[in-house]
Number of protein chains: 2
Amino acid sequence: MACCDLKGMLTFLVLWIINKEPANGASIAREIEKRKGCKPSPGTIYPVLKDLKEKGLVTVKEKEYHITDKGHKELHAGCSLFKKIFYDVEEICRKCD
Amino acid sequence: MACCDLKGMLTFLVLWIINKEPANGASIAREIEKRKGCKPSPGTIYPVLKDLKEKGLVTVKEKEYHITDKGHKELHAGCSLFKKIFYDVEEICRKCD
DNA sequence: ACACAACTATCGGTTAACCGATACTTACTT
DNA sequence: AAGTAAGTATCGGTTAACCGATAGTTGTGT
């Protein structure tokens with residue numbers, strides 16, 4: 001990963017959601033809406049999915065996006081970095097609503 | 001916050017670091033290096049600090065950046081959103097190194 | 001078969017996060 | 001006092017994340 005590259009959290013989130021449960025684009029968008037409070041437009045979600053597909057991180061089976069082994073590894077790596085960077089965020093999160 | 005705007009994690013991280021302990025620009029950069037594995041360039045870190053200053057989220061006292069009340073609130077809000085979006089990331093993080 | 005809704009997809013444009021290079025200032029050493 | 005290291009700051013440019021608009025596709029009900 002490039003230095004100080006903290007963009008791409010949406011891609012990470014999408015991969016995370018697919019990892020939890022295979023889904024189609026529309027329901028992924030709905031899940032993001034549930035988490036974020038606003039729904040990503042089609043112009044946001046589909047390019048992300050296309051990108052993930054091209055990178056071999058997800059595949060389409062029966063009109064649903066599934067995570068691949070490679071995707072699993074990538075997600076794992078992302079989580080590790082994430083944890084390394086924000087290992088102590090829980091300190092304040094504990095105080096949050 | 002704008003819809004699906006997950007950029008700006010660096011700003012969030014900087015604010016988080018200052019919240020933990022007042023620091024000057026250089027030591028903030030070093031702390032980020034420790035967490036991320038690579039050091040943000042001056043051209044990255046100082047504009048971020050300037051931005052935070054202009055928004056009234058931090059102040060400079062004795063050549064160190066301190067978080068303000070407003071900064072605290074912003075950080076708290078960020079953490080809440082963060083937690084709402086990634087409430088279940090710990091599931092996989094538990095399995096991480 | 002037709003109409004309507006839900007889903008998928010692409011494209012152009014905007015925005016801003018981030019970086020490298022550079023220059024200036026402050027502190028510390030001898 | 002001079003020289004060197006550390007810290008601060010700015011500017012221009014690049015990149016890519018994200019969005020809105022638009023169009024095509026698939027499915028469903030009647």
Side-chain angles (χ1 to χ4, degrees), chain A residues 1-18 21-55 57-66 74-75 78 81-82 85-86, chain B residues 1-18 21-55 57-66 74-75 78 81-82 85-86:
Chain A
M1 265 175 242
C3 181
C4 298
D5 164 27
L6 274 164
K7 300 186 201 175
M9 290 297 280
L10 182 60
T11 301
F12 178 71
L13 178 57
V14 167
L15 198 54
W16 173 253
I17 289 170
I18 294 171
E21 195 181 8
N24 62 14
S27 61
I28 291 166
R30 278 191 298 267
E31 175 64 23
I32 291 170
E33 186 182 21
K34 232 197 295 185
R35 289 167 182 253
K36 290 210 66 190
C38 59
K39 199 181 196 163
S41 86
T44 298
I45 201 75
Y46 290 104
V48 166
L49 288 168
K50 189 186 175 189
D51 186 51
L52 287 170
K53 206 164 47 183
E54 278 167 6
K55 284 180 181 159
L57 304 178
V58 303
T59 47
V60 183
K61 263 185 257 173
E62 290 149 18
K63 303 197 174 173
E64 282 190 329
Y65 288 88
H66 292 249
E74 184 73 15
L75 188 60
L81 178 60
F82 186 91
I85 296 171
F86 289 109
Chain B
M1 264 177 243
C3 181
C4 299
D5 163 29
L6 274 164
K7 298 188 202 176
M9 291 297 280
L10 182 60
T11 301
F12 178 71
L13 179 57
V14 167
L15 197 56
W16 174 252
I17 288 170
I18 294 171
E21 195 181 8
N24 62 15
S27 61
I28 291 166
R30 278 191 298 266
E31 175 64 23
I32 291 170
E33 185 182 21
K34 231 197 296 183
R35 289 167 183 255
K36 290 210 63 189
C38 59
K39 199 180 195 164
S41 86
T44 299
I45 201 75
Y46 290 104
V48 166
L49 288 168
K50 190 186 175 192
D51 185 51
L52 287 171
K53 206 163 49 183
E54 280 167 5
K55 284 180 182 161
L57 305 178
V58 302
T59 47
V60 183
K61 264 184 257 175
E62 291 149 17
K63 303 196 173 174
E64 283 190 327
Y65 289 88
H66 291 249
E74 184 73 15
L75 188 60
L81 178 59
F82 186 91
I85 296 172
F86 289 109

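Quick note on labels: first sequence line is chain A, next is B, and so on, each numbered from 1. Just so you know, these numbers use all the heavy atoms, side chains as well, and skip hydrogens, waters and symmetry mates.
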Whole angstrom value for the distance that separates [atom2] of [N] from [atom1] of [X]:
X       : N      : atom1 : atom2 : value
B:Lys39 : D:dT8  : NZ    : P     : 11 Å
A:Lys53 : C:dT10 : NZ    : C1'   : 12 Å
B:Tyr46 : C:dA23 : OH    : C1'   : 14 Å
A:Ile45 : C:dA6  : CD1   : P     : 18 Å
A:Asn24 : D:dT25 : CG    : P     : 19 Å
B:Ile32 : C:dC19 : CD1   : C1'   : 14 Å
B:Lys36 : C:dC19 : NZ    : C1'   : 12 Å
B:Arg30 : D:dG7  : CZ    : C1'   : 9 Å

Given [options], identify the nucleotide with an atom nearest to the side chain of [X].
X       : options                : value
B:Pro42 : D:dT8, D:dC18, C:dT8   : D:dT8
B:Thr44 : C:dC18, D:dT10, D:dC19 : C:dC18
A:Ala26 : C:dC7, C:dT10, D:dC18  : C:dC7
A:Ser41 : C:dG20, D:dG20, D:dG7  : D:dG20
B:Pro47 : D:dC19, C:dT26, D:dT10 : D:dT10

Remember a base hit wins even if backbone is also touched, and classify B:Gly43 as base, sugar-phosphate or nothing at under 4.0 Å, heavy atoms. base
Using a cut-off of 4.0 Å on non-hydrogen atoms, how would the nucleic acid contact of B:Tyr65 be classed: base, sugar-phosphate, or nothing? sugar-phosphate
Provide the closest heavy-atom pair for B:Asn24 versus B:Glu64 in the form atom of the first, atom of the second, distance. N-CG, 4.2 Å
What one should report as the nearest heavy-atom pair of A:Tyr65 and A:Val58 is CD2-CG2, 3.9 Å
Between B:Ile32 and B:Ile45, does the side chain to side chain contact (heavy atoms under 4.5 Å, CB included) criterion hold? Intermediate values first, please. CA-CA 10 Å; B:Ile32 291 170; B:Ile45 201 75; 3.7 Å; yes
How are the rings of A:Phe82 and B:Phe82 set relative to one another: parallel (under 30°), tilted (30 to 60°) or perpendicular (over 60°)? parallel
Lys/Arg N to Asp/Glu carboxylate O, B:Arg30 vs B:Glu33, below 4.0 Å: no
